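Here is the structure we will look at.
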Amino acid sequence: FCLGITNVCPLKHNLYFERFLNPGRQDPPDLDIDFAWDERDTILENVLAEYKGRAAMVANHVSFQPRMALREVAKVYGLTANEIGSIAKGLPYHFRARAIGADLMTSLKSRPESRHLDYPDPWPAVITLAQRIMGIPRYLSVHPGGLIITPSPIDTYVPLERSAKGVPIIQWDKDGAEDAGLVKIDLLGNRSLGVVRDAVRNVHCNGLAFDESAWEPEDDFATQEALAHGHTMGCFYIESPAMRLLQKKAGVGDFDHLVIHSSIIRPAANEFIQEYVRRLHGGAWDPIHPLLADVLDETFGIMVYQEDVSRAAVSTAGFSHTEADGLRKIMSKKDREHALQDFFKRFHEGAQRRGVSEKKIQEIWAMMMSFSGYSFCKPHSASYARVSFQAAYLKVHFPAEFMAAVISNQGGFYSTFAYVSESRRMGVVVDPPHVNHSGMAWKGNGRSMRVGLLAIKALSAKCRERIIARRREEPFRSLGDFMGRVCPDEAEARALINCGALDAFCSDGNRATLMWELARWLKESSERCTERTLFKDDQKSPPPPILPAQDERERLRREYATLGFLCDRHPMTLYKRALKRVRTVKARHLPRFVGRRICFAGWLITGKKVQTKHGDTMEFLTFEDEGGIVETTFFPAVYARFCHMVDRNRPYLLHGKVEEDWGAITLTVDRVTPL
């Protein structure tokens with residue numbers, strides 16, 4: 001904080017210093033520093049150049065996991081990409097070798113995503129061989145940002161090799177580097193820092209007053225209100241469905257609570273989240289044990305941060321700060337089970353000496369184990385909460401500039417489709433791409449934002465660059481002028497017409513006329529031997545014929561295929577005729593139907609699979625209509641029945657019961673029908 005590396009004050013937020021510095025600590029703490037995602041590579045290049053011969057990236061040891069093993073063996077057998085994909089998608093990306101058990105074929109056939117598939121020859125042989133190579137090393141990859149700098153030549157400390165990108169990497173992973181006493185510095189890329197940077201830059205470009213040096217978003221009431229209602233799509237760490245639901249349940253939007261929420265929202269913590277919300281709303285509670293009363297007072301008696309594990313071990317079992325930090329660190333290791341047995345024995349003995357009952361020892365240990373290595377330390381959570389607050393402030397006060405920056409940085413929890421829908425719900429007008437006005441990135445101005453050229457799928461990077469370079473000389477006057485100066489290929493020209501980027505050159509508003517003019521231009525240019533630059537002006541060409549008006553649905557289909565969204569409307573508005581036969585409830589009206597079964601028509605925008613305590617798969621899916629978002633739950637039986645048919649390219653009718661939990665509305669689905 002004193003060096004300006006972080007902007008989170010450790011005294012103001014009561015951070016736990018002993019996590020980093022204690023008398024018995026033998027290894028130095030590592031450093032995590034986030035930069036905007038598109039600046040990180042330049043920073044890494046500069047560091048490697050400045051400390052040449054004394055710096056290298058850390059390696060990751062990549063082993064064959066089920067999905068990877070299946071794909072690699074299938075390639076050897078000459079199977080096509082489509083054939084491989086149909087089988088491999090039955091294993092989710094997060095599936096690990098240790099979760100398979102004895103038989104990969106049995107696992108595949110038992111999974112609801114793939115149980116309807118057949119396994120003709122040579123698949124039985126492929127699957128058998130894939131089972132044999134699972135878990136063995138495949139290659140060394142590069143750690144996302146881990147860097148080692150040594151006092152003297154680095155190859156006197158650790159073996160090196162050069163990665164495929166040409167970057168020097170050590171042959172040890174992060175654990176090996178730390179065990180050897182090497183200091184790991186993580187220079188990480190963060191898309192939300194790019195979003196904040198670009199949104200602020202866009203605000204300045206629009207001539208609006210904004211003093212970033214005096215910016216205190218945490219104290220802004222309108223921002224706190226938005227956070228308390230979960231209106232945080234696009235806002236870094238607090239935009240996920242689970243986080244938005246937690247914000248709605250909590251109903252608070254101040255900085256201190258956001259720090260808590262950023263860490264408590266983790267796997268295995270659901271029961272503690274529910275208890276936290278109950279206590280937050282005034283529910284009676286006692287500390288899990290008097291020895292932990294002061295330790296967990298600010299988090300309502302619930303362990304939230306990584307260092308809570310250390311502080312609980314010190315207070316409950318008399319651990320030294322060094323031993324407690326060792327317990328915290330071992331919880332994030334893959335092979336932690338054996339070491340944890342020893343720690344539990346010491347914890348059990350120390351707690352007994354302090355008069356803690358056997359029941360309470362087990363309860364405290366269970367709460368500690370719920371972290372499973374996924375939670376944040378409080379400094380990390382506070383840093384993330386600050387960036388989240390900055391993003392939320394910009395969304396509240398500069399919605400067009402902010403949403404344009406979110407989409408341009410091509411990241412986040414949702415697709416461009418979902419962010420465009422969110423923009424419209426906020427009253428932002430989405431202007432279609434335009435060859436004379438669109439930049440590479442999206443730009444906001446007032447209550448509108450212009451689609452950037454990056455959004456046009458079929459457009460190459462070189463074509464985008466030529467469009468911007470040529471129009472700097474002078475604006476494009478006609479289709480022929482544009483074609484002659486930019487020289488896009490036919491597929492690129494068709495994409496520009498279909499998405500509306502060339503509508504300004506169509507006097508009758510009929511894109512079919514532009515297609516006719518394109519065909520004529522291509523025909524004439526192929527018949528001549530001169531350079532295309534001779535075709536700057538097509539004023540002498542005869543006017544196009546009067547063509548039938550283009551079918552609106554066909555026009556919208558082509559626009560959607562080119563952009564992945566519609567600029568002027570939500571696709572659900574096109575299904576009004578089909579919905580007349582069904583009585584459905586709009587997303588914004590769901591609170592009126594709590595406890596009742598309803599039918600909702602919506603478009604899938606994101607989802608997350610989780611495992612139940614019994615090992616069954618269930619899924620949380622987010623759908624939207626033109627007016628709002630609905631969070632849905634597919635319990636294992638429903639997931640197993642319908643998971644194979646739900647994708648993001650069409651709308652669905654969802655039948656289920658509307659549930660309410662502390663003001664957060666969800667839909668528990670029991671039946672799905674394609675619309």
Side-chain angles (χ1 to χ4, degrees), residues 1-22 25 27-52 54-55 57-58 143-151 174 178 182-204 209-220 223 235-238 254-256 258-260 262-263 305-307 376-394 397-398 402 405 409 411:
F1 178 73
C2 293
L3 292 172
I5 293 174
T6 178
N7 55 13
V8 177
C9 178
L11 297 178
K12 179 180 178 181
H13 299 293
N14 191 29
L15 304 186
Y16 181 54
F17 279 89
E18 287 84 357
R19 181 183 182 274
F20 294 99
L21 299 175
N22 58 69
R25 181 160 186 163
D27 58 323
D30 62 2
L31 292 169
D32 286 8
I33 309 174
D34 283 12
F35 298 91
W37 68 280
D38 51 357
E39 298 174 8
R40 188 193 66 125
D41 285 350
T42 302
I43 291 165
L44 283 171
E45 289 171 7
N46 291 340
V47 172
L48 291 171
E50 183 171 347
Y51 299 97
K52 189 174 183 180
R54 297 192 290 118
M57 300 288 291
V58 177
H143 189 279
L147 184 79
I148 301 292
I149 303 175
T150 54
K174 64 182 184 68
E178 290 174 358
L182 298 171
V183 179
K184 179 172 67 70
I185 303 172
D186 280 342
L187 305 181
L188 302 170
N190 186 315
R191 287 189 184 269
S192 283
L193 292 180
V195 170
V196 171
R197 174 202 63 199
D198 292 347
V200 170
R201 192 176 290 168
N202 194 170
V203 169
H204 287 312
F210 183 75
D211 183 6
E212 199 174 356
S213 63
W215 189 19
E216 294 294 338
E218 297 93 337
D219 299 329
D220 182 68
T223 304
C235 300
F236 185 37
Y237 196 71
I238 56 174
D254 60 282
F255 183 79
D256 289 337
L258 194 67
V259 176
I260 294 174
S262 296
S263 188
Y305 309 114
Q306 277 185 4
E307 52 265 49
F376 288 164
C377 60
K378 190 176 180 182
H380 192 157
S381 191
S383 297
Y384 270 27
R386 181 160 176 84
V387 177
S388 298
F389 245 103
Q390 290 175 338
Y393 178 96
L394 291 168
H397 295 282
F398 308 101
F402 175 75
N409 279 276

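What you see is a predicted model, and the numbers here were worked out from it, not measured in a lab.
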task = Mind checking side-chain contact (heavy atoms from CB on, under 4.5 Å) for A55 and listing every partner two or more places apart, or none if nothing turns up?
result = L48, Y51, I149
key: Set of side-chain hydrogen bond (donor to acceptor under 3.5 Å, both in side chains) partners for N409, sequence neighbours left out   = W37, D198
inquiry  = Rounded to the nearest 0.5 Å, what separates atom CZ in F210 from atom CG in N202?
reply    = 12.0 Å
message = Applying salt bridge (charged side-chain N to carboxylate O under 4.0 Å, His left out), can you list everything that pairs with E45, at least two apart in sequence or on another chain?
response = none
key: With H204 via side-chain hydrogen bond (donor to acceptor under 3.5 Å, both in side chains) - residues at least two apart   = none
task = Look at the side chain of E307 and the backbone N and O of K378, then say whether any donor-acceptor pair between them is shorter than 3.5 Å.
result = yes
Close side-chain approach of H397 to D220, heavy-atom, < 4.5 Å = yes
message = Let me confirm one number: the CZ-CD distance from R197 to E39, rounded to the nearest 0.5 Å.
response = 4.5 Å
ask   = How long is the gap from CZ on R54 to CD1 on I148, to the nearest 0.5 Å?
value = 13.5 Å
note = To the nearest 0.5 Å, atom CG of L258 lies from atom OG of S381 at 7.5 Å
task = For R201, enumerate each residue passing the side-chain hydrogen bond (donor to acceptor under 3.5 Å, both in side chains) test, keeping only those at least two apart in sequence or located in another chain.
result = none
message = Using every non-hydrogen atom in the two residues, find where T6 and S383 come nearest and quote the distance to one decimal.
response = OG1-OG, 3.9 Å
task = Report the distance from atom CZ of R386 to atom CD of E216, rounding to the nearest 0.5 Å.
result = 5.5 Å
task = List for me each residue that meets salt bridge (charged side-chain N to carboxylate O under 4.0 Å, His left out) alongside D256, sequence neighbours excluded, and say none if there are none.
result = none
task = Mind listing the closest non-hydrogen atom pair of L147 and L187 along with its distance?
result = CD2-CD1, 4.0 Å
Where V8 and A382 come nearest, the two heavy atoms and their spacing = CG1-CB, 3.6 Å
remark   = Rounding to 0.5 Å, atoms CG (L182) and NZ (K174) come to a distance of 14.0 Å
message = Test of understanding: with ring-ring contact (aromatic ring centres under 6.0 Å, His included), list the residues that count as partners of F236, not counting sequence neighbours.
response = Y384
request  = Sequence neighbours left out, what passes ring-ring contact (aromatic ring centres under 6.0 Å, His included) with F35? Give chain and number order.
outcome  = none
key: Ring centroid separation Y305 to Y16 under 6.0 Å   = no
note = Residue set satisfying salt bridge (charged side-chain N to carboxylate O under 4.0 Å, His left out) with R191, at least two apart, ordered chain then number -> none
ask   = At their closest point, which heavy atom of I238 faces which heavy atom of S262, and how far apart are they?
value = CG2-OG, 4.5 Å
message = How close do P217 and T223 get, counting heavy atoms only, and between which atoms?
response = O-CB, 4.2 Å
task = Using salt bridge (charged side-chain N to carboxylate O under 4.0 Å, His left out) as the criterion, list what pairs up with D186, not counting sequence neighbours.
result = K184
key: E50: partners by side-chain contact (heavy atoms from CB on, under 4.5 Å), with sequence neighbours left out   = none
task = Check the pair M57, L44 against side chain to side chain contact (heavy atoms under 4.5 Å, CB included), reporting the backbone distance first and the verdict last.
result = CA-CA 9 Å; M57 300 288 291; L44 283 171; 3.8 Å; yes
ask   = Looking only at heavy atoms, which two atoms of A391 and F402 are closest? And how far apart?
value = O-CE1, 3.4 Å
task = List for me each residue that meets side-chain hydrogen bond (donor to acceptor under 3.5 Å, both in side chains) alongside E212, sequence neighbours excluded, and say none if there are none.
result = none
